[in-house]
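Structure record follows, encoded as structure tokens.
Predicted, not measured: the structure shown is a model, and the values here were computed from it. Below, chains carry the letters A, B, ... as their sequence lines are ordered, and counting in each starts from 1.
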4 protein chains.
Amino acid sequence: MTGDTHRPHTGRRRNEAARQAILDVAVELLGSAGDGPVTIDTIAAAAGVGKQTIYRWWPSKGAVLLEALAGRAGADIPVPDTGSLRADLEAFLRATFRAAGNPHTASALRHTMAEAQRDPHAREPMRDFLASRRRVLRGLLERARDRGEIASGADLDLIVDQAYGVLWIRILNGHARLGEAEATALAGSLAGQARG
Amino acid sequence: MTGDTHRPHTGRRRNEAARQAILDVAVELLGSAGDGPVTIDTIAAAAGVGKQTIYRWWPSKGAVLLEALAGRAGADIPVPDTGSLRADLEAFLRATFRAAGNPHTASALRHTMAEAQRDPHAREPMRDFLASRRRVLRGLLERARDRGEIASGADLDLIVDQAYGVLWIRILNGHARLGEAEATALAGSLAGQARG
Amino acid sequence: MTGDTHRPHTGRRRNEAARQAILDVAVELLGSAGDGPVTIDTIAAAAGVGKQTIYRWWPSKGAVLLEALAGRAGADIPVPDTGSLRADLEAFLRATFRAAGNPHTASALRHTMAEAQRDPHAREPMRDFLASRRRVLRGLLERARDRGEIASGADLDLIVDQAYGVLWIRILNGHARLGEAEATALAGSLAGQARG
Amino acid sequence: MTGDTHRPHTGRRRNEAARQAILDVAVELLGSAGDGPVTIDTIAAAAGVGKQTIYRWWPSKGAVLLEALAGRAGADIPVPDTGSLRADLEAFLRATFRAAGNPHTASALRHTMAEAQRDPHAREPMRDFLASRRRVLRGLLERARDRGEIASGADLDLIVDQAYGVLWIRILNGHARLGEAEATALAGSLAGQARG
DNA sequence: TACTAAACGAGACGGTACGTCATGTCTTCGT
DNA sequence: ACGAAGACATGACGTACCGTCTCGTTTAGTA
């Protein structure tokens with residue numbers, strides 16, 4: 001960025017408190033699993049905000065939801081660096097599964113992924129969000145590869161997708177648990193495969 | 001699907017033509033990627049059917065979509081049995097990815113998965129559909145295990161979920177291709193992982 | 001297709017009870033002078049009807065209001081025929097002023113005339129409504145002319161507009177009463193003028 | 001109005017140019033018949049003024065409109081004094097009808113009268129405006145009465161209301177022209193009526 | 001020359017109402 | 001008695017306009 005510090009910007013500034021309230025409320029509603037279908041009116045009312053204030057800054061409901069989600073999810077997943085692929089992977093996946101296994105977070109992820117399929121404005125943010133998560137995991141793998149723990153020809157992106165694929169299909173379909181045991185097993189499989 | 005043509009019946013029977021028309025139209029609309037949201041009115045109109053005829057036989061839009069999808073997807077995926085895990089897996093995944101990589105099918109899968117998140121009536125059929133696909137792949141793996149190609153302690157379900165996880169996350173998020181090369185790579189990874 | 005001569009109208013018929021409820025509620029709300037601004041949502045809620053049911057049959061709020069008004073106003077103004085212009089005019093204007101002087105009716109007329117200025121869909125119905133009222137009064141005058149009570153060259157339409165002009169300007173601006181005394185005075189003036 | 005001379009008043013003074021621009025723009029927008037609804041945002045933008053500058057000096061949109069209208073309408077209607085009721089009335093009504101018959105003025109009057117029905121802040125100014133116009137015409141009639149051209153018992157206000165009533169009902173409803181011929185006819189009728 | 005107060009253009013804000021769209025239910029009539 | 005047509009209640013959507021509330025800037029009087 002250059003030094004365009006002198007933004008003129010006449011007029012009232014965006015109310016940051018309102019923005020936060022909207023996102024907070026969105027996350028909260030997204031998380032309350034059973035409750036009805038997360039409405040813009042509901043968000044606006046709960047945030048003490050006019051609907052237009054939402055539509056002034058986001059192009060659609062999906063976009064709000066995505067931004068709300070992206071701001072939260074993944075925030076508390078530390079990236080371990082123990083020097084061992086197996087241990088790093090296990091720690092990372094355990095933290096990830098623990099977070100995603102939380103019913104509120106899972107509900108939010110489900111809702112949001114569904115929204116991203118129907119709302120074009122939510123597609124791109126969702127891609128960005130997932131890309132950022134994938135990037136983190138890929139970084140972890142790259143470090144291991146640099147240490148020689150992974151064959152240099154291995155397809156790191158495929159490993160990443162195997163990890164997040166298991167996570168997402170279980171979130172969306174709910175046919176299996178997302179617990180620490182599952183994370184450990186998955187970490188073991190992937191580490192073994194990578195070492196392959 | 002099956003030949004229940006010759007069954008005698010007293011009283012007026014369900015109009016099988018209407019049922020088929022509804023499912024056909026649903027699949028078709030589901031597949032026309034860009035076009036607006038798949039509506040019940042749209043389906044009814046395109047099928048030349050009254051809305052009530054749909055709601056008489058299915059509890060909700062999602063249920064129709066799911067049945068339409070389940071009747072098609074997976075129908076043309078043969079289950080290979082070459083005697084080699086690696087070859088079986090590769091053949092199966094290549095066929096699967098080829099089918100799911102088709103833009104129309106992918107669009108239908110996307111729509112339907114989204115619908116399953118919001119429509120309770122679609123959850124169960126979606127679970128059944130995915131379970132049936134998983135069962136097929138698991139059967140393939142079990143045969144390999146019986147042949148001794150897989151360590152007896154391996155978590156077959158985890159392998160299955162990795163396969164379908166990669167498929168679904170790429171369908172839903174569209175960040176990577178779903179081609180034969182990807183299928184082959186994935187088959188190699190999973191076979192290696194299974195072999196231990 | 002040929003021969004669609006008499007389409008017998010398949011499908012559910014319009015709910016006449018709903019239609020009446022909408023118009024009744026509209027008149028009632030229109031008449032409750034002080035209360036806020038007669039909303040479509042309010043009408044729908046009070047009539048126990050969905051908004052779409054209103055918009056299915058009327059193009060806009062103004063059109064509903066106009067039809068509601070036209071169905072009521074003027075309904076209870078008898079057209080006298082005493083054989084005397086002066087007496088007929090007086091009776092007619094007294095009844096008209098008495099009706100229009102009623103605060104509820106006046107409020108409704110005011111609201112509706114205002115709506116007709118802003119809503120293109122309300123213009124035409126308003127013209128029709130006023131035309132029908134003018135026609136009644138003009139008929140009364142024509143009978144008097146046929147009896148020789150009015151000079152054959154008199155501009156009956158002008159007389160009619162003088163009468164309804166006084167009515168409306170007072171309704172809209174409220175600078176003078178609309179009582180029977182005023183009706184009597186106006187009847188006298190107009191009868192004198194007509195007599196030439 | 002007067003005598004607040006000793007108010008210290010520090011700070012910037014009211015921008016008279018802005019005030020004029022607002023009123024000018026209001027009149028112009030009010031007059032552009034077909035164009036959408038006259039909005040405060042539109043006025044502000046067209047006048048190159050902030051909305052607050054409008055609301056600082058007027059209590060509501062209607063008030064602006066009214067002041068804009070009152071400042072223009074009636075300004076160019078001379079009050080004739082020929083010594084003959086009939087001639088005075090005809091001259092006055094011809095000038096009035098000519099002005100009000102102008103499509104721009106008519107549009108402005110229509111809009112404004114509608115606004116006065118819904119905006120309490122516009123009611124009083126509208127009453128004042130109409131009262132001032134009525135007063136002028138009444139003055140004309142009073143002079144004629146003083147000359148003995150009108151029966152002393154005649155209800156001058158009723159005559160005035162007939163004149164403006166015809167004008168307004170035709171402006172608002174548009175069922176008849178507002179031309180010079182109509183003005184002449186009306187003048188004749190009212191003069192005859194007044195003469196008794 | 002500073003300082004203070006008010007008015008200014010810009011524009012974001014909380015609201016209210018609008019008119020549209022989709023869902024799932026409920027008539028009506030033709031076959 | 002089934003089924004296509006389509007009206008129904010419900011409720012969310014996204015837009016428009018209202019009148020209010022900041023922003024930072026300009027303009028006048030006061031110190």
Side-chain angles (χ1 to χ4, degrees), chain A residues 8-15 17-19 36-42 44-45 47-57 59-61, chain B residues 11-15 18 36-42 44-45 47-56 58-62 119 121, chain C residues 7-15 17-19 36-42 44-45 47-61 119, chain D residues 8-15 17-18 36-42 44-45 47-62 119 121:
Chain A
H9 184 50
T10 165
R12 186 178 183 174
R13 308 311 176 66
R14 177 170 189 179
N15 182 346
R19 179 177 168 278
V38 192
T39 293
I40 280 283
D41 294 72
T42 309
V49 143
K51 275 205 295 180
Q52 195 59 51
T53 298
I54 298 183
Y55 284 109
R56 199 177 348 261
W57 301 110
S60 72
K61 185 176 64 163
Chain B
R12 184 144 181 178
R13 307 242 304 279
R14 176 174 185 177
N15 183 344
V38 181
T39 294
I40 279 285
D41 294 72
T42 309
V49 143
K51 282 205 299 177
Q52 193 55 45
T53 300
I54 298 182
Y55 283 108
R56 210 188 320 276
W58 290 277
S60 73
K61 183 176 71 163
D119 181 352
H121 292 113
Chain C
R7 181 145 151 295
H9 180 55
T10 165
R12 187 177 181 174
R13 306 311 176 67
R14 178 172 188 176
N15 182 346
R19 178 176 168 278
V38 191
T39 293
I40 278 283
D41 294 71
T42 309
V49 143
K51 277 205 294 180
Q52 194 60 51
T53 297
I54 297 183
Y55 282 108
R56 203 183 337 267
W57 301 109
W58 290 276
S60 74
K61 184 176 67 163
D119 180 351
Chain D
H9 182 49
T10 140
R12 187 176 182 175
R13 308 307 181 65
R14 176 171 190 179
N15 182 346
V38 181
T39 294
I40 277 286
D41 293 70
T42 309
V49 142
K51 281 206 296 177
Q52 193 57 46
T53 298
I54 298 182
Y55 283 107
R56 200 177 345 261
W57 303 109
W58 290 276
S60 74
K61 183 176 68 162
D119 181 352
H121 292 114

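- Applying the 3.5 Å distance criterion, the base of dG9(E) shares a donor-acceptor pair with the side chain of Thr10(A).
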Footprint string (nucleotides 12-19 of chain E, 5' to 3'): B base within contact, S backbone only, - free, heavy atoms under 4.0 Å: BBSB-SSB
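- Here the P atom of nucleotide dA5(F) and the CD1 atom of Ile54(B) are 11 Å apart, to the nearest Å.
- Protein atom CH2 of Trp58(B) is 17 Å distant from nucleotide atom C1' of dT23(E), rounded to whole Å.
- Partners of Ala44(C) by side chain to side chain contact (heavy atoms under 4.5 Å, CB included), not counting sequence neighbours, listed by chain and number: Lys51(C), Ile54(C).
- Going from atom CH2 of Trp57(C) over to atom CZ of Arg14(C) covers 5.0 Å, rounded to the nearest 0.5 Å.
- Between the side chain of Lys61(D) and the backbone N or O of Asp119(D), no donor-acceptor pair lies under 3.5 Å.
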